[in-house]
Structure formats: structure tokens, C-alpha cells
Amino acid sequence: MIISRAGFTLATDPARWRKLFLLENRFERAIDRIRADGAVPVRREVWNGHRFDLSSEPTVTIAIPKRSALRYFVSPDLNKLGEAFVEGHIRVEGPIHEVFRVAESLARNVAASARAGFQRFRSHSRSRDRKAIEYHYDVSNDFYSLFLDRDMIYSCAYYRHECDSLETAQEQKLDHILNKLMLKPGERFLDIGCGWGGLLVRAARQYGAVATGITLSRNQFEYARARIRAEGLQDRCGVELCDYRDLPGTGVYDKIASVGMFEHVGLKNLPAYFGRIRSLLREEGLVLNHGITTSDIDGCQAGLGAGEFIDRYVFPDGELPHLSLVLKEMSAAGLEATDVESLRRHYARTCREWTDRLESNLDRAIAVAGDKRVRIWQIYLAGCAYGFAKGWINLYQILGCKAENTEVRPLPLTRGYMYGP
């Protein structure tokens with residue numbers, strides 16, 4: 001029997017001994033680097049009872065129940081640590097926001113360098129996109145209701161005041177979009193990726209529009225359709241289970257909104273996406289694209305592994321463009337960007353509130369969606385709150401119109417109209 005300096009009992013089999021020794025030695029060196037580079041407020045507990053406090057006041061405890069789990073802490077990144085957490089290879093105790101902060105610190109301190117990524121274009125066939133949407137959104141309406149607002153709005157809220165509740169901020173977001181579009185009674189309005197129908201219903205009920213929504217999620221489709229019926233809006237509001245590429249017609253809609261959807265489109269498909277929007281828009285119409293962008297101007301998958309985790313566990317095949325690419329592709333498609341607004345800080349707060357609501361409903365969430373799915377969403381939402389707060393990602397609302405409409409402008413000269421009642 002041989003005891004390592006960390007106190008681990010090693011097997012007497014020579015081959016296994018060498019393998020475990022190398023793993024434990026790398027683990028110990030990683031701990032030494034963390035201590036040398038700066039304290040991370042974490043306590044690690046290993047299977048034989050030994051503890052490693054990496055600061056005088058640890059806020060998070062990571063329990064490593066088996067030797068094999070040490071591999072997640074040798075040159076860790078957010079993908080490795082996220083996998084260990086989601087798959088139950090480690091146990092973590094502490095506030096979920098602090099858990100993510102510690103994970104980011106571990107990855108940043110231990111990693112020799114951030115891996116430079118490469119731009120990978122993914123396939124976005126209709127069937128593959130439908131499966132990706134179903135994986136993310138068709139978890140359970142009951143599950144999403146545990147952390148979303150009462151209108152089931154799953155996109156960035158808009159906080160006019162520090163004291164705004166999530167419910168208030170989401171209503172303000174819907175109005176902010178519809179005010180920017182100057183939506184009027186009787187106008188034909190299209191909501192691409194309509195979610196559970198919150199924007200769609202508000203456009204019809206409060207603004208008098210003839211509203212159509214499309215989604216690839218059957219759960220969302222059925223929920224939105226039932227809500228439209230319950231509110232008696234069938235005569236001017238409808239929802240379809242449809243891919244944006246399959247929408248028929250030319251010059252059909254006065255106003256178009258796409259909220260939290262173009263992240264699924266794919267970088268390679270942005271020309272077709274904006275081209276289809278332009279085709280569906282009437283000559284003096286307006287479009288608003290509300291979507292997440294990366295802050296990496298090269299559009300590569302660089303950093304600490306967060307993108308790989310999200311692609312594997314949360315948003316299969318999701319791709320985030322940089323704002324510069326979005327504006328380029330809009331322009332190439334014949335759409336003039338007339339207004340660009342960042343809501344990054346709003347989304348950081350939105351995600352934090354979603355995380356806190358999920359944390360307060362963990363038992364119910366596990367009963368509805370299972371342990372693993374809940375752990376995915378715990379770390380994903382906390383990570384998004386952190387990512388938006390740190391500027392890794394951003395959220396832009398981009399208002400546009402057809403570029404050739406130079407004689408008749410569909411917008412006022414100033415932005416004042418956006419902030420009215």
C-alpha cells in the first residue's frame with residue numbers, strides 16, 4: 001500500500017498505480033497553481049474524508065466521491081465542470097450563482113491558456129432544427145412555469161426601474177417591442193418563434209393587430225393556441241407549427257418581430273433568414289430582431305468551454321453571431337438597420353431572477369423534469385446571468401425597414417415615440 005502526499009490510498013497493481021499516481025499528481029499540481037495564483041472560495045472533499053480549502057472562507061463545497069472524478073479538475077473548463085455537475089460525478093453545495101462564479105475562477109486559474117477556437121458551421125436542416133427546438137422547449141410547460149413570469153415570456157425583460165418585478169418588466173418588454181414597431185390596429189403582425197404566445201396575444205388584444213405566430217415547439221404551439229381560444233382572440237390571432245423558411249407569400253406583413261429565435265438559425269443561414277423576412281415584409285413595413293450575440297468579434301468558439309456545454313446540454317446546434325455580422329447580413333438582404341439597442345444588463349438581471357425562482361422551486365422542478373434536467377438548467381441560467389453581466393454575450397434589439405424606401409420613411413425623426421405609453 002502506498003499513500004500519496006494528498007493522503008490517497010493507491011492500488012498495489014503497478015499499471016493502475018501509475019495511472020492513479022499521475023492523475024493525483026496532476027490534481028495536486030492544479031491545487032498548487034490555484035493557491036499560487038489567487039484564492040478561490042471553494043472547499044474540496046475527497047472520498048476518504050480529506051479536505052482542501054483553497055481560501056480562508058470557502059463559499060462552495062465540491063465533494064469528489066471517486067478517484068475517477070479527479071479528471072474533471074485537471075485543466076478544467078466550464079464544459080468539464082458542467083458535465084461533472086450535471087451527470088452527478090461530483091456533489092456541489094452552495095448558492096448556485098456562487099457555484100458558477102467558482103467554476104469560472106477554477107477554469108480561469110487552472111487553464112494554461114484559453115483555447116483558441118475555430119468557426120464551425122453547423123447543419124440547419126428543417127428536421128434537425130425541429131429536433132433541437134423540441135429538445136430545449138418541449139421539456140414541460142409546467143417546468144418552465146416554475147421560473148418564468150405569469151405570461152411565460154422566455155426572453156430578456158425590460159426594466160424601466162430598479163424596483164420592477166419580473167412580471168412588470170416582461171410586460172414592458174412586450175410594449176417596448178410593439179412601440180418600436182409602431183404597431184397599429186388592423187395591421188398584420190408576424191411573430192417568428194412566438195414561444196408561448198405572450199407577444200402575439202398582446203399585439204392582438206392591446207394593439208388591435210391581426211397577429212400570426214409560428215413555432216417549431218409542439219408544447220408552445222398547443223399552449224398558445226389554447227390561450228388564444230381562452231381569451232376569445234381567434235378572429236384576429238393565430239399560431240402555426242411552422243418553419244420560417246416555409247411561410248408562404250410576399251409582402252404579407254406590416255410588422256414582423258423575431259424574439260429569441262435567430263440564435264437557432266445558424267451563421268450560414270443568416271442570409272436566407274433575413275432574406276425571407278424582407279420578402280414577407282410590406283414595402284413600408286418594419287421588422288425587429290431581438291436576439292443574443294457573442295462578444296467575440298471573430299465569431300469563434302473560444303474561451304472556457306461554456307459554448308461546448310450549452311451545445312451539448314442546452315441548445316443543440318445554437319450559434320451566436322457578432323453584432324457586426326448581424327448588421328452585415330441584414331444589409332446584404334436589403335434591410336436598413338434604423339435603430340440598435342443593447343439590453344445586456346437587462347438580460348443579466350432577467351436570468352438572475354429566473355435562476356432564483358428555479359432555486360426556490362427545486363423540489364417541484366425535479367418532480368416535473370428530473371434531477372439531471374434541473375441541474376442543467378440550474379447551471380445554465382446561472383451561467384447566462386454571469387455571462388451577460390461580464391459581457392461575454394449581449395442582447396440586441398435591431399429595428400429595420402426595407403433599404404430602398406428612401407423617399408417615404410416609416411419612422412419618426414427621433415426615438416421619442418419608443419418611450420411613450
Side-chain angles (χ1 to χ4, degrees), residues 42 45 59-66 69 72 76-104 106-107 131-157 166 170 195-196 217-220 223 260 263-264 292 305-318 347-389:
V42 64
E45 296 180 351
T59 57
V60 172
T61 297
I62 300 175
I64 305 173
K66 296 180 181 179
Y72 294 107
D77 59 21
L78 294 177
N79 183 38
K80 287 183 183 179
L81 296 174
E83 177 188 339
F85 175 72
V86 165
E87 300 294 347
H89 298 312
I90 60 174
R91 296 190 303 273
V92 182
E93 296 178 5
I96 194 64
H97 295 292
E98 188 67 10
V99 168
F100 189 88
R101 190 177 76 82
V102 162
E104 192 268 347
L106 287 173
K131 288 178 182 177
I133 294 296
E134 289 172 348
Y135 170 83
H136 186 86
Y137 295 101
D138 288 354
V139 177
S140 162
N141 290 342
D142 291 338
F143 171 72
Y144 280 104
S145 72
L146 295 175
F147 62 90
L148 298 183
D149 64 299
R150 58 176 171 262
D151 281 332
M152 298 281 282
I153 308 299
Y154 190 34
S155 54
C156 175
L166 179 63
Q170 288 292 17
W196 286 275
S217 164
R218 182 162 291 279
N219 279 10
Q220 291 181 338
Y223 184 99
E263 299 89 336
H264 301 285
I292 302 172
E308 292 94 325
F309 176 83
I310 291 173
D311 183 62
R312 177 179 177 185
Y313 287 105
V314 187
F315 277 111
D317 297 332
Y347 219 168
R349 178 169 170 179
T350 303
C351 290
R352 191 172 185 90
E353 294 204 31
W354 286 342
T355 307
D356 293 342
R357 289 185 177 209
L358 181 60
E359 290 299 295
S360 67
N361 287 296
L362 280 184
D363 290 342
R364 293 171 62 193
I366 291 169
V368 169
D371 285 337
K372 180 175 176 178
R373 181 77 73 164
V374 171
R375 286 197 295 269
I376 290 171
W377 254 251
Q378 280 182 283
I379 205 68
Y380 166 62
L381 293 177
C384 285
Y386 189 92
F388 280 112

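Just so we're clear, the structure is a prediction, and the values are computed from it rather than from any experiment.
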Checking the side chain of [X] only, and the main-chain atoms of [Y] only, is there a donor and an acceptor separated by less than 3.5 Å?
X	Y	result
Glu263	Ile292	yes
Asp151	Ile153	no
Thr350	Ala157	yes

Checklist entry - Can you list the steps and then say if Asp356 with His97 is a side chain to side chain contact (heavy atoms under 4.5 Å, CB included)? => result CA-CA 9 Å; Asp356 293 342; His97 295 292; 2.9 Å; yes
Show the nearest heavy-atom pair for residues [X] and [Y], with the distance to one decimal.
X	Y	result
Ser155	Tyr347	CA-OH, 3.7 Å
Leu148	Arg357	O-NH1, 3.4 Å
Ala382	Thr355	N-OG1, 3.4 Å
Ala389	Ala348	N-CB, 3.7 Å
Arg373	Ala369	CB-O, 3.4 Å
Val374	Leu362	CG1-CD2, 3.7 Å

Checklist entry - How are the rings of Phe147 and Tyr144 set to each other: parallel, tilted or perpendicular (split at 30° and 60°)? => result tilted
Checklist entry - Taking the six-membered ring for Trp, are Tyr313 and Phe309 parallel (under 30°), tilted (30 to 60°) or perpendicular (over 60°)? => result tilted
So how far is it from [X] [atom1] to [Y] [atom2], rounded to the nearest 0.5 Å?
X	Y	atom1	atom2	result
Tyr386	Glu98	OH	CD	9.5 Å
Arg375	Ile366	CZ	CD1	8.0 Å
Glu45	Ile90	CD	CD1	12.5 Å
Ser140	Leu146	OG	CG	8.0 Å
Leu106	Ile62	CG	CD1	5.5 Å
His89	Glu83	NE2	CD	5.5 Å

Item to check | Other residues, nucleotides, ligands: >12 heavy atoms within 6.0 Å of Arg364 CZ | outcome: no
Item to check | Residues that Glu87 engages under salt bridge (Lys or Arg N to Asp or Glu O under 4.0 Å), provided they are two or more places apart | outcome: Lys372
Checklist entry - Can you tell if the side chain of Tyr154 reaches within under 4.5 Å of the side chain of Trp354, non-hydrogen atoms only? => result yes
Checklist outcome for this item: side-chain contact (heavy atoms from CB on, under 4.5 Å) filter on Tyr223, not counting sequence neighbours, yields Asn141, Met152, Trp196
Item to check | Full working for side chain to side chain contact (heavy atoms under 4.5 Å, CB included) between Leu358 and Phe143 | outcome: CA-CA 9 Å; Leu358 181 60; Phe143 171 72; 4.1 Å; yes
Item to check | Test: Glu104 and Arg101 ion pair at under 4.0 Å | outcome: no
Next on the checklist: Tell me every residue that passes ring pair (Phe, Tyr, Trp, His ring centres under 6.0 Å) with Phe85, counting only those two or more places apart in sequence or in another chain.
Outcome noted: none
